[in-house]
Amino acid sequence: MPIRLRFLLDTNILIPLQDSMAVLQPALTDFVRLCNAYGHQLLYHPASIEDIQRDANAERRSRTLARLPQYTLLQEGGPCPWNTPASSVNDACDNRILWALEQNAAHALVTEDQKLHRKARDRGLGDRVYFIQSAQDWLQRLHEPADVTLPNIEEVELHTLTPQLGSAFFQTIRNDYPGFNQWFQRIAMEGRRAWVYREPGQDGVQAICIFTVQSDERITDDGKVLGGLALKLCTFKVGDAVRGRKIGELFLRAAFQFATNHQCEHIFLHANEEQQVHLTNLIEDFGFRIVGTYMRDAVFVKEHPVRPPAVQMAPFDYVRRYYPHYLDNFEVRKFIVPILPVFHDILFPDWMAPGQALPANHPQRHVGNAIKLAYLSNSNSKLPRPGDLVLFYRSHDQKAITTLGVVERYEWMGEADKIARVVSRRTVYTDAQIASMTREKTKVMLFRLIRHFENPVPLGQLMTYPRIVNGSIQSITHITDESFSRILAAANG
């Protein structure tokens with residue numbers, strides 16, 4: 001049965017996009033096309049009508065109200081319990097819309113309102129609220145995967161980007177940082193490097209992360225110092241036109257690998273909490289924490305110790321804070337997870353054919369996929385718990401363990417549309433693939449990729465005395481701590 005989703009559109013999606021958001025119009029148009037073509041429903045909340053009626057621009061207000069009938073008016077339930085007499089008019093409308101989402105009136109909310117995204121996150125609804133580009137990308141991956149490619153990033157010397165400083169992308173950076181050009185030219189002459197993303201077949205930069213290594217750096221206005229080496233992400237910008245493609249996550253993966261290779265004990269950056277909600281939501285989920293301010297921006301720091309810290313905490317909380325380190329003590333269970341080659345290619349596109357994105361002598365030449373991923377299974381296995389370790393076994397062709405991950409969430413689901421929503425930000429499973437795999441109790445595993453093994457461990461080795469498995473691996477298999485250690489030793493060669 002085809003997946004049918006209900007999308008609640010926020011007021012700022014219903015009102016014609018302002019000039020500053022014009023770059024998003026193609027994504028919005030395509031999102032609406034995908035919804036119409038594949039039977040998804042577009043809704044608007046009664047609170048949005050009140051928002052629109054307060055628009056001081058009479059012509060725009062009239063045009064917006066005239067467009068509403070092309071969407072479906074959501075029936076509002078009871079009063080929102082989050083509103084109080086002290087709530088402002090705008091906050092009350094936001095709360096009513098989020099309350100409808102909380103009550104499962106729709107699968108997802110689409111909005112460009114960064115404050116509403118933060119409110120949703122505070123209410124535990126952040127994973128159900130999408131920017132236009134993210135929503136369009138989700139549906140495109142779900143229905144038209146041939147048109148979507150997972151992005152790669154490349155490392156470049158900054159001076160090679162000088163001819164592009166006049167582009168619209170760099171103009172958005174200059175708008176937020178006066179004197180950017182002068183700063184850029186100065187650090188380019190110093191040999192500074194950056195990770196960049198370009199659309200396939202195009203030369204123009206659509207996302208950039210400029211970085212440098214500093215030592216004993218003073219990072220806040222009140223004089224806080226990070227002892228030892230620290231990786232600073234000086235400029236971290238993903239353009240609106242390519243938002244939702246996990247490029248920010250790819251930058252973080254490159255940063256974590258770089259920091260590991262160069263023994264940086266911390267990674268830090270500055271961010272405006274009000275204007276950079278996309279970025280702050282992302283980095284906080286990977287263990288960055290605010291330690292102070294620098295020239296009105298918040299300073300976010302991630303601890304990145306060279307050796308795994310010996311601290312007591314829940315296993316998944318540990319990997320979130322100290323990624324790529326993880327716990328593997330006796331309380332953490334270990335599993336081998338079999339995966340067909342076609343789905344292995346979907347989850348791990350960079351395992352089979354590492355590219356040429358980074359310099360040839362770079363220890364991580366290619367960053368081809370993200371960290372937060374999803375796996376679907378019809379296994380009858382007992383539930384792995386958050387923080388448990390999973391070794392992915394590529395069956396049929398390679399017949400070898402290739403990859404290590406940490407479980408974030410694992411549960412049974414029986415509805416294709418719910419599965420599609422849960423895995424939407426993490427996978428390129430298509431509508432047909434999700435529908436074909438959905439059973440009464442389909443297992444959905446959300447996990448974080450730790451690393452691929454340079455030396456995959458073949459089935460023959462797993463069956464060598466003392467055996468780890470007795471034959472073909474056809475379902476999720478629990479293994480002992482000793483077996484896990486032997487697999488790691490073999491994989492590390």
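For the numbers below, each heavy atom of this structure counts, side chains included, while hydrogens, waters and symmetry mates do not.
Between atom OG1 of residue Thr235 and atom CZ of residue Arg192 there is a gap of 8.5 Å, rounded to the nearest 0.5 Å. Considering CZ of Phe256 and NE2 of His304, their distance stands at 7.5 Å, rounded to 0.5 Å. Taking OG1 of Thr293 as the reference point, atom NZ of Lys224 lies at 12.5 Å (rounded to 0.5 Å). Note: Ile187 CD1 to Gln182 CD = 12.0 Å, rounded to the nearest 0.5 Å.
Side chain to side chain, Asn261 and Gln257 meet the donor-acceptor criterion of an N or O pair below 3.5 Å. Between the side chains of Arg394 and Thr403, no donor N or O sits under 3.5 Å from an acceptor N or O. Inspection of the Gln136 and Asp30 side chains reveals an N or O donor paired with an N or O acceptor under 3.5 Å. For His344 and Thr402, the side-chain atoms include at least one donor-acceptor pair closer than 3.5 Å. At a cut-off of 3.5 Å, with distance as the only test, a side-chain donor of Asp222 or Thr220 sits close to an acceptor on the other residue. In this structure, a donor-acceptor pair under 3.5 Å is absent between the side chains of Gln185 and Asn181.
The two residues His117 and Thr111 make their nearest non-hydrogen contact at NE2-O, 3.0 Å. The heavy-atom pair separating Gly248 from Val238 by the smallest distance is N-CG2, 4.1 Å. Minimum interatomic distance between Ile336 and Tyr393 (heavy atoms only, all atoms of both residues): CG2-CB, 3.7 Å. The two residues Leu446 and Val423 come nearest to each other via the heavy atoms CD2-CG1, 4.5 Å. Residue Ala255 comes nearest to Ile267 through the heavy atom pair O-CD1, 4.1 Å, listed as atom of the first residue, atom of the second, then distance. Summarising the geometry of Thr280 relative to Arg121, their closest heavy-atom pair is O-NH1, 4.0 Å, with the distance given to 0.1 Å.
Of the residues listed (Tyr197, Phe268, Phe251, Trp195), the one engaging Phe236 in a ring-ring contact (aromatic ring centres under 6.0 Å, His included) is Phe251, and it is the only one.
Annotation: Glu411, atom CD; neighbour count of heavy atoms from other residues, nucleotides and ligands within 6.0 Å is above 12. At most 12 heavy atoms of other shown residues, nucleotides or ligands fall within 6.0 angstrom of atom OH in Tyr294. Within a 6.0 Å radius of CD in Glu482, no more than 12 heavy atoms belonging to other residues, nucleotides or ligands are found. Shown here is Lys399, whose NZ atom has no more than 12 heavy atoms of other residues, nucleotides or ligands within 6.0 Å.
Judged purely by atom type and a 3.5 angstrom limit, Gln164 uses its side chain to pair as donor or acceptor with the backbone of Val205. Side-chain N or O atoms of Lys302 include one that pairs as donor or acceptor with a backbone N or O of Arg321 at under 3.5 Å. The backbone N or O of Ile371 lies less than 3.5 Å from a partner atom in the side chain of Glu249, making a donor-acceptor pair. The backbone N or O of Leu488 lies less than 3.5 Å from a partner atom in the side chain of Asn492, making a donor-acceptor pair.
By the 30° and 60° cut-offs, the orientation of the rings of Phe348 relative to Phe392 is perpendicular. Between His40 and Phe7, the angle of the ring planes goes over 60°, which puts this pair in the perpendicular group of the 30/60° scheme. Taking the six-membered ring where tryptophan is involved, the planes of Tyr130 and Trp138 are essentially parallel, since the angle between them stays under 30° and well short of 60°.
Of the charged side-chain nitrogens involved, none lies within less than 4.0 Å of a carboxylate oxygen, so that Glu274 and Arg118 do not count as a salt-bridged pair. For the pair Arg186 and Glu190, the salt-bridge criterion is met [side-chain N within less than 4.0 Å of a carboxylate O].
Cation-pi check for Arg448 over Phe286 is met; the charged atom lies under 6.0 angstrom from the ring centroid and within 45 degrees of its normal.
Taking the centre of each ring, His325 and Tyr318 stay at or above the 6.0 Å mark.
Considering only residues two or more places apart in sequence or on other chains, Val213 meets the side chain to side chain contact (heavy atoms under 4.5 Å, CB included) condition with Leu229, Leu231, Phe258, Cys264.
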